[in-house]
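Reviewing the structure listed below.
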Amino acid sequence: MALMPKAEQDVTAGLVRTLLKEQLPGLSDLPLELVANGWDNVIYRLGKEWAVRLPRREAAAQLILHEQQYLPAYATRSPVPLPGPVHSGQPSADYPWPWSVTPWLEGLDAGLVSQESRNAAAEDLAAFLIAIHVPAAPGAPVNPVRGVRLEARSAAVIDRLGDSSRYPQAVRLRTLWTQACLAPPWSRPGVWLHGDLHPGNVLLGPDGRLAAVVDFGDLGAGDPAVDLAVAWLMFDDGGRRRFKAGFGRAVDAATWARARGWALVLATAMLSFSDDNPVMARIGRFGVEQLLSEHSSPSA
């Protein structure tokens, strides 16, 4: 089985309670509930208003620092709430990395709702990306695997597609990848990115409108095409057309071509390494299916 990265730190409720008592005693007696155990971080809900976000791997520790440093200002441009840190936790004798307390943001996980509900957020998600895709501040972090030149991910993508049992359409997917890599690269200054935009990081209201966007560990400066890949990870053909239309002429054909390549990067990562995470695997499978369906269409 291909599993999520192994946790290097067991982030238990007892550990979180100890950290809170040491560093934030005013909140330490609130109810604590585990709500997510992802590739990089563990999330506990703290009372009704807060969430505690803690790395489960050393590789994610620097990403928490990026959120703490850059997300508060970044969030001022967003048309929907973002989980900007309200407390920057420090390493302790029991826990080796930084951690954060953020607001608890209400909403339905877009990875768990119907396709119709996801499609309803197409215009809102486009408006969110238009708002945040502005030139990044000098010295902004550059994620080594997100928003970089597409060819830098070739080895990883080709290696995943070598799994013929998981990717029976590997020949068509390799062709799609080659075409995406031929698109002109991003040549302007890097813009602020989310870096990991997929349905599991999107929260929807009961009316289907975009309620919040979460998990900014991969934020940084780079090519906006990596965020536009959500067009294939979240939307079907009709929703994708509405999402693209929301940008008007702000996104050129070359950027959409690279975005298609980034969709393949992200979809294969989720599908190849989420045998123990059915929701993530389903998002990856959906993305691959959407890419193949569009690739076979005469109008694609």
Side-chain angles (χ1 to χ4, degrees), residues 4-5 8-9 36 38-43 51-78 80-91 95-103 105 125 128-157 185-198 200-202 212-230 233 251 255 258-259 261-263 265-266 269-270:
M4 293 193 306
E8 298 166 10
Q9 173 76 42
W39 281 29
D40 291 330
N41 298 286
V42 177
I43 309 293
V52 189
R53 179 169 164 84
L54 309 97
R56 64 197 286 275
R57 303 190 298 140
E58 184 177 8
Q62 185 63 43
L63 306 184
I64 287 286
L65 290 175
H66 289 167
E67 289 182 333
Q68 291 173 352
Q69 181 175 356
Y70 294 103
L71 190 53
Y74 179 119
T76 62
R77 294 185 295 275
S78 173
V80 296
L82 307 183
V86 296
H87 174 74
S88 298
Q90 303 300 312
Y95 183 75
W97 306 312
W99 52 281
S100 297
V101 175
T102 73
L105 300 179
L125 196 57
F128 164 74
L129 289 176
I130 290 170
I132 68 165
H133 283 169
V134 299
V142 175
N143 190 302
V145 296
R146 301 290 169 89
V148 295
R149 288 179 70 97
L150 200 54
E151 309 93 276
R153 307 304 301 144
S154 278
V157 171
W186 180 256
S187 58
R188 285 172 273 170
V191 301
W192 279 116
L193 307 172
H194 179 282
D196 192 26
L197 193 59
H198 59 74
N201 288 334
V202 173
V213 179
V214 299
D215 192 351
F216 285 80
D218 287 310
L219 97 173
D223 179 0
V226 68
D227 286 346
L228 299 175
V230 75
L233 302 176
V251 177
T255 302
R258 295 192 308 277
W262 277 108
V265 174
L266 299 174
M270 288 186 277

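For reference, positions follow the sequence shown, starting with 1. Note that these values count all heavy atoms, side chains included, but never hydrogens, waters or copies made by symmetry.
Within the 4.5 Å cutoff, no side-chain heavy atoms of W262 are placed close to those of P224. Between V226 and V265 there is no side-chain heavy-atom pair separated by less than 4.5 Å. The shortest side-chain heavy-atom distance between L197 and L129 falls under the 4.5 Å cut-off. Contact annotation: the side chain of D227 never approaches that of F128 to less than 4.5 Å [non-hydrogen atoms, C-beta and beyond]. Between M270 and L233, the closest side-chain pair of non-hydrogen atoms falls below 4.5 Å. Inter-residue side-chain proximity for P103 and V86 is flagged as met; some heavy-atom pair is nearer than 4.5 Å. Between R146 and L193 there is no side-chain heavy-atom pair separated by less than 4.5 Å.
The backbone N or O of P91 lies less than 3.5 Å from no partner atom in the side chain of W97, so there is not a single donor-acceptor pair. With hydrogens and angles disregarded, a donor-acceptor distance shorter than 3.5 Å links the side chain of Q90 to the backbone of S88. Under a 3.5 Å cut-off, the side chain of D223 and the backbone N or O of V148 do not form any donor-acceptor pair. Side-chain atoms of H194 come within 3.5 Å of backbone atoms of V214 as a donor-acceptor pair (strictly under, hydrogens ignored). Here the side chain of S78 pairs no donor or acceptor atom with the backbone of A75 at under 3.5 angstrom. Distance alone, capped at 3.5 Å, places no donor-acceptor pair between the D40 side chain and the G217 backbone. Put simply, the side chain of W186 gets close to the backbone of R188: a donor and an acceptor are under 3.5 Å apart.
In this pair, W192 and Y70 present their aromatic rings tilted. The plane angle is within the 30 to 60° band.
Among the candidates N201, I43, L63, V202, the single residue satisfying the side-chain contact (heavy atoms from CB on, under 4.5 Å) test with D215 is N201.
Distance CD/E8 to CZ/R56: 8.5 Å, rounded to 0.5 Å. Rounded to the nearest 0.5 angstrom, Q68 CD and W99 CH2 are separated by 9.5 Å. Atom-to-atom distance recorded for R53:CZ and N41:CG is 4.0 Å, nearest 0.5 angstrom. Here the straight-line distance linking atom OG1 of T255 with atom NE2 of H133 works out to 10.5 Å at 0.5 Å rounding. Between atom CZ of residue F216 and atom CD1 of residue I132 there is a gap of 6.0 Å, rounded to the nearest 0.5 Å.
Nearest heavy atom pair, residue P83 against residue V213, reads CD-O, 3.2 Å. Across all their heavy atoms, D196 and D218 have their closest contact at CB-OD2, 3.5 Å. Closest of all the heavy-atom pairs between P55 and I64 is CG-CG1, 3.4 Å. When all heavy atoms of A212 and V80 are compared, the pair lying nearest together is CA-CG2, 4.1 Å.
For E151, the side chain to side chain donor-acceptor pair (under 3.5 Å) criterion is met by R149, not counting sequence neighbours.
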